[in-house]
Amino acid sequence: MVEDTIISMLQPRQDTVQAPSFADLTTMGVGGQIESFLCPTDRVGLIEAVEGADAQGQPLCVIGGGSNILAADEAFSGLVVRDARREINVLDEAAPVEGQDRSVHVAATAGTHWDDLVNYCVRMGLSGIEGLSGIPGTVGASVVQNIGAYGQEVGQSVDTVEVWDRQLKVVQELNARQMSFGYRTSALKATMYRAPGVPGVEFFPTPRYIVLSVTLVLRHSHTSRVDSDQLAQALQVETGNLMPIEQIRDAVLAIRARKGMLEDPGRYQLSWMKGTRETSNIQAATEALHMSVIQQSGGTTECDIRTNRHSCGSFFMNPVLDQKKAAQLPPQAPQYQVLYQGRPSGTVKTSAAWLIDHAGFHKGFHLENSMAALSSVHTLALTNRGGATAQHVYDLARTIQDGVEKTFGIRIIPEPVVIAQR
């Protein structure tokens, strides 16, 4: 039996509490009321919740930290499931043996907050994911999206992903090759869409495969290679240098703070988010970073910081183009050769932020009478300035998409899962 009771707003009882809205659960802070909400506390309960919804033909949304969802203002007439399991286990020896293999396997349940895992590994002296510090969301969502930043992607460290297959109704273990990781995509995410940005019919807004746990292969090392020019500049070293992983984590968090890309720590004090993070000092640490940004920037205010962080992070993916399409870009547009398994793929990645800015949508841009706006410090983030609706955000996103396409002939694709928008 599922341990936790389904909370229903449509059939309230005296011994239950009204279910949350998507606005309560997401970093963007928008979205309509949820019909039923369930937080299973064990593996069996999670599978039973998903299988029960599928058996009844009920719309299903498995949510993590809510940082990659833009849900409509209308009520969601289905079940939202959030994995309440937050466990991290080192599967090998915690301390490396001299002269032997220094790799170590770390397993985490899907509901574990991603940055809690990064923080834990850095403190344990395990390198490989420190560049992914500060990314909101959960471990389960990290492999669906193949999160990446500052020279690292989670797919580079994945050993296996344990999933529940909604179609075959079995538990499977997928290796990194079977996960088919690519730029902000995976075999799991691919089951949700029939074309880029176009939702599929059978499995949306939740993939065919529900992540149960992830096992990473990391390395016993207190240092790591700096593979990002931006990170190298922040650390005042050359790209390719080895640096302590603690310093890399601190530098990444500081960069993200300057961009307004750290989530609001205050959300974990709200009733529906309490207990979903293990890091006790997250609020104090984040506020200290934000105050440091204010003191150093001169033009950034505390209001800017608080407003900008109510977002989905980077809202649009950087376009990956074939050589012919890339050749049509203006000469000054950024172009990066895309590598797969260390080899040229024949495709080129350009900057969505550059396209947005040069299509005339600058920092702080917003539509008339709308409380959604581009971040005042980063053109790739769409923010809720306070009181925005999902429709405000969606209208802003579509305006930017249309403008970029008209200017450059490129349709930029949202990163977040967009649920039931008109």
Exercise for the section: Applying side chain to side chain contact (heavy atoms under 4.5 Å, CB included), run through T383 and S375 and close with a yes or a no. Expected result: CA-CA 6 Å; T383 66; S375 166; 3.9 Å; yes
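- Taking each heavy atom of T215 and A107 in turn, the nearest pair found is OG1-CB, 3.8 Å.
- Nearest approach of P196 to I413, heavy atoms of both residues: O-CD1, 4.0 Å.
- A heavy-atom distance below 4.5 Å is found between the side chains of Q33 and S21.
- Taking each heavy atom of P205 and I419 in turn, the nearest pair found is CB-CG1, 3.8 Å.
- Taken from CG in L46 to CD in E51, the straight-line distance is 11.5 Å, to the nearest 0.5 Å.
- For the atom pair L270 CG and L25 CG, the distance stands at 10.0 Å (nearest 0.5 Å).
- Using a 4.5 Å cut-off on side-chain heavy atoms (C-beta onward), T389 and Y394 make no contact.
- Atom CG of N318 and atom CD1 of I412 lie 9.5 Å apart (nearest 0.5 Å).
- Salt bridge status for R267 with D264: absent, with no side-chain N to carboxylate O gap under 4.0 Å.
- Taking every heavy atom of both residues into account, C121 and V106 meet most closely at SG-CG1, 4.3 Å.
- At distances below 3.5 Å, at least one donor-acceptor pair connects side-chain atoms of S186 with backbone N or O atoms of V144.
- For the residue pair H362 and D357, a side-chain donor N or O sits within less than 3.5 Å of a side-chain acceptor on the partner.
- Two residues are said to be in side-chain contact when any heavy atoms from C-beta on lie closer than 4.5 Å; F37 and V81 fail this criterion.
- Using a distance-only test at 3.5 Å, with no hydrogens or angles considered, no donor-acceptor pair links the side chain of E35 to the main chain of L79.
- A salt bridge links D115 with R277: the distance from a Lys NZ or Arg NE/NH1/NH2 to an Asp or Glu carboxylate oxygen falls below 4.0 Å.
- Taking a cutoff of 4.0 Å between a charged side-chain nitrogen and a carboxylate oxygen, E405 and R398 do not qualify as a salt bridge.
- For E130 (side chain) and I248 (main-chain N/O), no donor-acceptor pair under 3.5 Å exists by modelled atom type.
- Nearest heavy-atom pair across M317 and A352 is O-CB, 3.6 Å.
- Looking only at distances, a side-chain donor or acceptor of T109 sits under 3.5 Å from a matching main-chain atom of R85.
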Handout entry: Derivation and outcome, side chain to side chain contact (heavy atoms under 4.5 Å, CB included), residues V104 and H220
Key = CA-CA 7 Å; V104 59; H220 283 293; 3.7 Å; yes
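- Of all heavy-atom pairs between T379 and F361, the closest is CG2-O, 4.0 Å.
- Each salt bridge (Lys or Arg N to Asp or Glu O under 4.0 Å) pair with one or both residues in residues 211-234, not counting sequence neighbours, appears once here: R225-D227.
- By the 4.5 Å heavy-atom criterion applied to side chains, V171 and R43 are counted as neighbours.
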Handout entry: Trace of the side chain to side chain contact (heavy atoms under 4.5 Å, CB included) decision for V62 with D83
Key = CA-CA 8 Å; V62 175; D83 189 348; over 6 Å; no
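- Checked by atom type and distance alone, the side chain of T112 pairs as donor or acceptor with a backbone atom of E87 at under 3.5 Å.
- Summarising the geometry, atom CZ belonging to R194 is positioned 15.0 Å from atom CZ belonging to F203; distances are rounded to the nearest 0.5 Å.
- The CG atom of L174 lies 10.0 Å from the CD atom of E162; values are rounded to the nearest 0.5 Å.
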Practice task
Report the C-alpha distance between E263 and R256 in whole Å, list the side-chain angles of each, state the deciding distance to 0.1 Å, and finish with yes or no for salt bridge (charged side-chain N to carboxylate O under 4.0 Å, His left out).
Solution key: CA-CA 10 Å; E263 63 180 323; R256 294 183 68 85; over 6 Å; no
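- Between the W114 side chain and the L132 main chain, a donor and an acceptor come within less than 3.5 Å of each other.
- In this structure, the side-chain hydrogen bond (donor to acceptor under 3.5 Å, both in side chains) partners of Q230, at least two apart in sequence or on a different chain, are K259.
- L253 contributes atom CG, which lies 6.0 Å from atom CG of L262 (distance to the nearest 0.5 angstrom).
- A side-chain donor-acceptor contact under 3.5 Å links D73 to the backbone of Q391.
- For the pair V80/C61, a side-chain contact is recorded, criterion being any heavy-atom separation below 4.5 Å from C-beta on.
- Using a cut-off of 4.0 Å between Lys/Arg side-chain N and Asp/Glu carboxylate O, R208 and D165 are scored as salt-bridged.
- Counted by atom type alone, Q269 and K274 present zero donor-acceptor pairs between their side chains at under 3.5 Å.
- A salt bridge is defined here as a Lys NZ or Arg NE, NH1 or NH2 lying under 4.0 Å from an Asp or Glu carboxylate O, and R86 with D116 fails to meet this definition.
- D159 is not listed as a side-chain neighbour of L216, based on a closest heavy-atom distance of 4.5 Å or more.
- Residues forming a side-chain contact (heavy atoms from CB on, under 4.5 Å) with S67 (at least two apart in sequence, or on another chain): T27, P136.
- Counting only distance, with no hydrogens or angles, the side chain of T347 and the backbone of D322 share no donor-acceptor pair below 3.5 Å.
- For the pair N146 (side chain) and F181 (backbone), a donor-acceptor distance under 3.5 Å is absent.
- Within 6.0 Å of the CD atom in Q233, the count of heavy atoms belonging to other residues, nucleotides or ligands does not exceed 12.
- Residues D402 and R411 are paired through a salt bridge, judged by an N-O separation under 4.0 Å between the basic side chain and the carboxylate.
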Exercise for the section: Determine, stepwise, if the pair V417 / M192 fulfils side chain to side chain contact (heavy atoms under 4.5 Å, CB included). Expected result: CA-CA 9 Å; V417 176; M192 295 169 59; 3.8 Å; yes
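- Between V211 and V161 the shortest side-chain heavy-atom distance falls below 4.5 Å.
- Remark: the backbone N or O of H366 is not paired with any side-chain donor or acceptor of S370 at under 3.5 angstrom.
- Checked against the 6.0 Å centroid threshold, F408 and W354 count as a close aromatic pair.
- Looking at heavy atoms from C-beta onward, L380 lies in side-chain contact with I356 at the 4.5 angstrom threshold.
- A salt bridge is defined here as a Lys NZ or Arg NE, NH1 or NH2 lying under 4.0 Å from an Asp or Glu carboxylate O, and R184 with E153 meets this definition.
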